[in-house]
Participant: 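Pasting a structure here, questions to come.
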Amino acid sequence: MKLNILVTAGDGIGPEVTNEAVAVLKEVAAIGGHTFAFSEARIGGVAIVQDGTPLPAATLAAALASDAVLLGAVGGNEFNSLAPDKRPEAGLLQIRSALGGFANLRPAFAFKELAVNSPLRPEVIDGADILFVRELLGGLYFGQPREWDKAANEAWNTMRYTKGEVARVARIAFQLATKRRKKLCSVDKANVLEVSQLWRATVNEVAQEFPGIAVEHQYVDAMSMHLMNRPRDFDVVVTENLFGDILTDESGVITGSLGMLPSATIGGKVNLYEPVHGSAPDIAGKGLANPIGAILTAALILRHSADLEAEAAAIEAAVRKVLEQGFRTPDLARGNTQGLTVLSTTQMGAKVRETVKTLLVHA
Ligand code: NAD
Ligand code: IPM
Ligand code: MN
């Protein structure tokens, strides 16, 4: 298996966590005799400083020429006063748009091993396993018109979808549900927004193609509560771009930490892989970042871009095993370190790697 992976590590903890993800992929390649070629390119704040733009043309060209892009995170406090189209985050939105993936898969499941460290009670989260499908190229993030009219002291954005944009992401969500527990929950705000009424009507229309899937609709405000109260009731959850952004950070509470959540964006020219968390400027450069979200993102590369399911599953099993053995990064330990071993970013990466090796060599 040959794979060209472009690594855009970005800002803050981005380089720290992607280093660990790449190291796991190299381990898998060495064991299985695969050729994974890695190249690097700048995006975000680091690109603004060095190239004067958050998405340099060379990065975009390299991304389009690769088989998969692994992104760390972008953003930093020093850029917070810039206009949206000049900020590090603009580089991320531009690369998403250029690569064309519209279905952002964000799995969130409760690790039994982390129950003791979760702010939710074990009996609430035990067995929770949700696959969020976040629409990634439409809605408020990309809708026109958008502007801050400073003279008029007024600003506006537009939440806009075409029926086609909703149907294509809904179809992917339904297809994924057929391989899981056959339940789909669509989240909208159809009691207030026309765009959500179009969303709901379209999801219901696509549902006709999937008679075996049980469909429910929830309003986004209620959904944010249901997720904390009864996360086990949900299987595939499909939703609009901004709603998906918010609900998936919330689902970090089910998984134990925002630092645990991976994502894969499919449906476009080149798949884009990024952990759900951001650049975490508050802990950057201190070895405190949890690399597991990035490492599980590496597993998604193997699953969705390399067809190496056994290797992807081995990474996921290794993560579980390492947690079972009591190893934690500080975000997972939450100050409760009794009986646990707290590791740095690189130590956690090494533990997972070592365990992946044991699992694959003895498989
Ligand atoms: P954040 O996700 O960076 O951090 C939120 C909180 O979670 C912080 O307390 C942070 O320390 C913690 N956290 C996040 N990832 C962690 C990890 N791997 N291990 C341990 N703790 C972790 O969100 P924020 O603070 O709202 O945003 C910081 C910057 O990141 C902003 O510029 C934002 O725009 C950007 N951002 C980028 C991405 C991306 O590039 N994909 C995603 C989200 C936010
Ligand atoms: C995410 C992030 C991004 C988003 C930002 C950094 C543009 O929060 O991937 O969840 O809002 O999509
Ligand atoms: Mn987000």
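Keep in mind it's a predicted model, so treat the numbers as computed, not measured. Here, residue 1 is the first one in the sequence, and each next residue gets the next number.
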Participant: Distance from Arg106 atom CZ to Leu261 atom CG, nearest 0.5 Å?
Facilitator: 8.5 Å

Participant: How about NZ on Lys86, more than 12 heavy atoms from neighbouring residues, nucleotides or ligands closer than 6.0 Å, or not?
Facilitator: no

Participant: Any side-chain heavy-atom pair from Arg230 and Val124 closer than 4.5 angstrom?
Facilitator: no

Participant: To the nearest 0.5 Å, how far apart are CG in Asp245 and CD in Glu250?
Facilitator: 12.0 Å

Participant: For the residue pair Ala264 and His304, what are the closest heavy atoms and their distance?
Facilitator: CB-CD2, 4.2 Å

Participant: Any salt bridge between Asp51 and Arg42, counting N to O under 4.0 Å?
Facilitator: yes

Participant: Taking everything shown except Glu40 itself, do over 12 heavy atoms lie less than 6.0 Å from its CD?
Facilitator: no

Participant: Do Pro262 and Pro107 come within less than 4.5 Å of each other through their side chains, counting heavy atoms only?
Facilitator: yes

Participant: Please report the closest heavy-atom contact between Ala318 and Leu359, naming both atoms and the distance.
Facilitator: N-CD1, 3.6 Å

Participant: If you define the side chain from C-beta out and look only at heavy atoms, does anything of His34 sit under 4.5 Å from Lys2?
Facilitator: no

Participant: Search all heavy atoms of Ile295 against all heavy atoms of Gly349 and return the closest pair with its distance.
Facilitator: CD1-CA, 4.1 Å

Participant: Hey, what do you get for CG (Asn19) to OG1 (Thr346), rounding to the nearest 0.5 Å?
Facilitator: 9.5 Å

Participant: Using side-chain heavy atoms (C-beta onward) and a distance below 4.5 Å, is Phe210 in contact with Lys182?
Facilitator: no

Participant: Just checking, is any N or O donor in the side chain of Ser305 or Tyr273 under 3.5 Å from an acceptor N or O on the other one?
Facilitator: yes

Participant: Is there a side-chain contact between Ile315 and Val28 (heavy atoms, below 4.5 Å)?
Facilitator: yes

Participant: Phe132 and Leu105: side chain to side chain contact (heavy atoms under 4.5 Å, CB included), yes or no, with the steps?
Facilitator: CA-CA 6 Å; Phe132 288 89; Leu105 316 186; over 6 Å; no

Participant: So, Gln347 versus Ser344: side-chain donor-acceptor pair below 3.5 Å or not?
Facilitator: yes

Participant: Quick one, Met1 with Thr35, criterion side chain to side chain contact (heavy atoms under 4.5 Å, CB included). Give me CA distance, side-chain angles, the key distance, then yes/no.
Facilitator: CA-CA 6 Å; Met1 173 78 219; Thr35 311; over 6 Å; no

Participant: Go through it in stages, so that I can follow the logic: the residues are Glu194 and Arg160, the test is side chain to side chain contact (heavy atoms under 4.5 Å, CB included), and I'd like the CA-CA distance, side-chain angles, deciding distance and then a yes or no.
Facilitator: CA-CA 9 Å; Glu194 285 80 1; Arg160 182 184 292 254; over 6 Å; no

Participant: Can a side-chain donor-acceptor contact be found between Asp331 and Ser257 if the only test is distance below 3.5 angstrom?
Facilitator: yes

Participant: Under the 3.5 angstrom rule, does the side chain of Glu16 hit a backbone N or O of Gly285 as a donor-acceptor pair?
Facilitator: yes

Participant: Counting only pairs under 3.5 Å, give me each side-chain donor-acceptor contact of residues 64-71, with atom names and distances, residues two or more places apart or in other chains.
Facilitator:
unit_1: Ser66; atom_1: OG; unit_2: Ala63; atom_2: O; d: 2.8
unit_1: Ser66; atom_1: OG; unit_2: Ala68; atom_2: O; d: 3.4
unit_1: Asp67; atom_1: OD2; unit_2: Asn4; atom_2: N; d: 2.7

Participant: Please lay out, stage by stage, how Arg328 and Leu114 fare under the test side chain to side chain contact (heavy atoms under 4.5 Å, CB included).
Facilitator: CA-CA 9 Å; Arg328 302 282 187 274; Leu114 293 180; 3.4 Å; yes

Participant: When you check the side-chain N and O atoms of Asn157 and Tyr141, is any donor under 3.5 Å from an acceptor?
Facilitator: no

Participant: Any chance you could lay out the salt bridge (charged side-chain N to carboxylate O under 4.0 Å, His left out) test for Lys163 and Glu205, step after step, and finish with the verdict?
Facilitator: CA-CA 10 Å; Lys163 182 175 173 182; Glu205 213 173 297; 2.9 Å; yes

Participant: Evaluate the side-chain proximity of Ile31 to Val361: yes if any heavy-atom separation is below 4.5 Å, no if none is.
Facilitator: yes

Participant: Examine Val24 and Leu323 and state if one hydrophobic cluster contains both, with Ile, Leu, Val, Met, Phe, Trp and Tyr joined whenever side-chain heavy atoms are less than 4.5 Å apart.
Facilitator: yes

Participant: For the hydrophobic clusters of this structure (ILVMFWY residues joined by side-chain heavy atoms under 4.5 Å, transitively), does one cluster hold both Ile301 and Ile292?
Facilitator: yes

Participant: Has Glu123 got more than 12 heavy atoms of other residues, nucleotides or ligands less than 6.0 Å from its CD?
Facilitator: yes

Participant: Do Ile254 and Met225 share a hydrophobic cluster (ILVMFWY, side-chain heavy atoms under 4.5 Å, transitive)?
Facilitator: no

Participant: Hey, what do you get for CZ (Phe142) to CD (Glu135), rounding to the nearest 0.5 Å?
Facilitator: 8.5 Å

Participant: How close do Ala47 and Pro54 get, counting heavy atoms only, and between which atoms?
Facilitator: CB-O, 3.8 Å

Participant: May I ask you to test the Arg146-Thr158 pair for a side-chain heavy-atom distance under 4.5 Å?
Facilitator: no

Participant: Starting from the C-alpha separation in whole Å, work towards a yes-or-no answer on salt bridge (charged side-chain N to carboxylate O under 4.0 Å, His left out) for Lys183 and Asp233.
Facilitator: CA-CA 9 Å; Lys183 291 205 293 191; Asp233 290 353; 5.3 Å; no

Participant: Report the C-alpha distance between Asn204 and His217 in whole Å, list the side-chain angles of each, state the deciding distance to 0.1 Å, and finish with yes or no for side chain to side chain donor-acceptor pair (under 3.5 Å).
Facilitator: CA-CA 9 Å; Asn204 282 334; His217 300 273; 2.7 Å; yes

Participant: Hey, could you give me the CZ/OG distance between Arg334 and Ser118, rounded to the nearest 0.5 Å?
Facilitator: 6.5 Å

Participant: Between Asp129 and Arg232, is there a side-chain N and carboxylate O pair less than 4.0 Å apart?
Facilitator: no

Participant: Linking I/L/V/M/F/W/Y whenever their side-chain heavy atoms sit closer than 4.5 Å, directly or via other members, would Val166 and Ile266 fall into one cluster?
Facilitator: yes

Participant: Checking side chain to side chain contact (heavy atoms under 4.5 Å, CB included) against Asn290, which of Thr329, Ile283, Leu258 comes through?
Facilitator: Thr329

Participant: Over all heavy atoms of both residues, which pair between Ala9 and Thr18 is shortest? Give the atoms and the distance, please.
Facilitator: CB-OG1, 3.4 Å

Participant: Could you tell me whether Arg353 and Glu20 make a salt bridge, using a distance below 4.0 angstrom between a side-chain N and a carboxylate O?
Facilitator: yes

Participant: Answer yes or no on whether Arg168 is positioned over the face of Phe102, meaning its NZ or CZ is under 6.0 Å from the six-membered ring centre and within 45° of the axis.
Facilitator: yes

Participant: Does one hydrophobic cluster hold both Met260 and Val356, with members joined at side-chain heavy-atom distances below 4.5 Å?
Facilitator: yes

Participant: Does the side chain of Glu113 reach to within under 4.5 Å of the side chain of Phe327, using non-hydrogen atoms?
Facilitator: no

Participant: Think Lys26 forms a cation-pi with Phe38, using NZ or CZ under 6.0 Å from the six-ring centre and within 45 degrees of its axis?
Facilitator: yes

Participant: Does a side-chain N-to-carboxylate-O contact under 4.0 Å join Glu354 and Lys357?
Facilitator: no

Participant: With rounding to the nearest 0.5 Å, note down the distance linking OG in Ser97 to CG in Leu136.
Facilitator: 9.5 Å

Participant: Provide the closest heavy-atom pair for Leu137 versus Gly101 in the form atom of the first, atom of the second, distance.
Facilitator: CG-O, 3.3 Å

Participant: Specify whether Trp199 and Tyr161 have parallel, tilted or perpendicular ring planes, treating 30° as the upper limit for parallel and 60° as the lower limit for perpendicular.
Facilitator: perpendicular

Participant: Counting neighbours of NZ on Lys321 that are heavy atoms of other residues, nucleotides or ligands and sit closer than 6.0 Å, is the number greater than 12?
Facilitator: no

Participant: Test: salt bridge (Lys or Arg N to Asp or Glu O under 4.0 Å). Region: residues 296-312. Which pairs qualify, not counting sequence neighbours?
Facilitator: Arg303-Glu309, Arg303-Glu316

Participant: Using ring-ring contact (aromatic ring centres under 6.0 Å, His included) as the criterion, list what pairs up with Phe109, not counting sequence neighbours.
Facilitator: Phe111

Participant: Does the distance from a Lys or Arg side-chain N to an Asp or Glu carboxylate O, for Glu324 and Lys112, drop under 4.0 Å?
Facilitator: no

